[in-house]
Amino acid sequence: MQINRIKGVEGELRVPSDKSISHRAVIFGAIATGDTEVYNWLDSADTRATLRAIESLGVKVIKEKDKLILKGRSYNFTEPKDVLDAANSGTTARLMSGVLATQEFFSVVTGDDSLRNRPMLRVVEPLRNMGALLDGREKGNKLPICIRGNKLKGISYFNKKSSAQVKSSLLLAGLKAEGITEVIEPTLSRDHTERMLKLFGAEVITLSEERGHIVKLKGMQELEAREVFCPADISSAAFFVALTLMVEKGELLLRDVLINPTRDGFLKKVMEMGADIQLLNTREVSMEPVADIFVKSGAKLKAVEVKPEEIPSLIDEIPILAVLMATAEGTSIVRGAKELRVKESDRIRAVVQNLRNMGIDVEEFDDGFAVKGGKELKGTEIRTYSDHRIAMAFTVAGLVAHGETTLDDVRCVQISYPNFYVDLTAVSL
Ligand code: S3P
């Protein structure tokens, strides 16, 4: 893909729906009783992996033009006839492992080259402690993993990395376990599972104490089917926010965007950098806060620091934030982000290498990087590592760089934003 500098950005967009919420909506539809209707579901490679897994468990899914209808089976699933392929999706592999741990049948979960290299012990270990049998490569840390579920018992688990995938996996298992499942995390990770549990009628206790943020769930609760409206994904909107801020002439309205406080770190950071952003028409949709975001170019951005405790609220936006940091005045720093090394690619490496190739001074740390901003980005050859967020972040960088930028593989945008290039063309001047 070849990219050249654009003059500006203008118009309005509704970026695709939130990936995290779309995964959860179909899982909840499957484990509830009755017909769940999901509107604005994100149809992308990652979320399709979850839908396929659900269908392999005997859940009937009706695909209509404006919605998906899931015939809930209240955890009464049938043994899948084949291996479940989570493809590139960590959320599919980890959340579905929690569901499968409740089933007494045999199942196997695998994924693509990238996912088979990502750590799974973070869910395998606590699910074993709840009573399920799990094994896999490297003593259960790597896919493929096989699961023989069981009658589970609730546990109290300290989620040291504040991972929402781990928390969600244990809550999905805990819903079918005896007693109480409790997950404690040092920083509150995205809380879509807790919100959706409440939406589907479950009793969940969420509190913050000295020992951390706590979610408590009593097992054996029945969920009732609901209508779920998926809002636009802030992680996808972030590319357009950044682009609008970096071009000379930019005004963009992004409609219907999720602004959940566990996900709004990127917006907060760019406002701290001095960006001109307004949140309009703030409302609640299916228990999630949503707003229209109006962005204008023109403000001189200044460097910022991202602290370890801020990382969970902007973890997926760090590649595009790094690009924005390169154009801001001063040295920006990101620390406490070691998790980025085990995402779809090693995102610290990918960001550092690509920014350096574009002529920017970047220092690499084990858990982050420092970007010396204020220099012009130079068009160059970019390696995306087949990682959707790296591809989109450096496409945006290419659109503001001087000279031509070439990206080696952009097919990966299918993972979360199949129409990315169409939408970009629609708002570019
Ligand atoms: C997700 C949680 C985050 C995030 C991922 C989606 C989720 O991962 O990076 O893209 O939907 O729960 P971790 O839970 O591993 O931090």
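Remember, it's 1-based here, ligands and their atoms both numbered in the order they're listed.
- Between E288 and R24, no side-chain nitrogen of the basic residue sits less than 4.0 Å from a carboxylate oxygen of the acidic one, so the salt-bridge criterion is not met.
- Between K19 and D316 there is no salt bridge, since none of the side-chain N atoms of the basic residue sits less than 4.0 Å from a carboxylate O of the acidic one.
- We find that D387 and R389 are not joined by a salt bridge, their nearest charged nitrogen and carboxylate oxygen being 4.0 Å or further apart.
- At a threshold of 4.0 Å, the pair E364-R341 counts as salt-bridged, since one of the basic side-chain nitrogens sits closer than that to a carboxylate oxygen.
- Residue-level contacts of ligand 1 at the 4.0 Å heavy-atom threshold are S20, R24, T91, S163, A164, Q165, R190, I315, D316, K343.
- Annotation for K67: atom NZ counts as buried by contact number, over 12 foreign heavy atoms lying within 6.0 Å.
- In this structure, I318 CD1 and M325 CE are separated by 8.0 Å, a value rounded to the nearest 0.5 Å.
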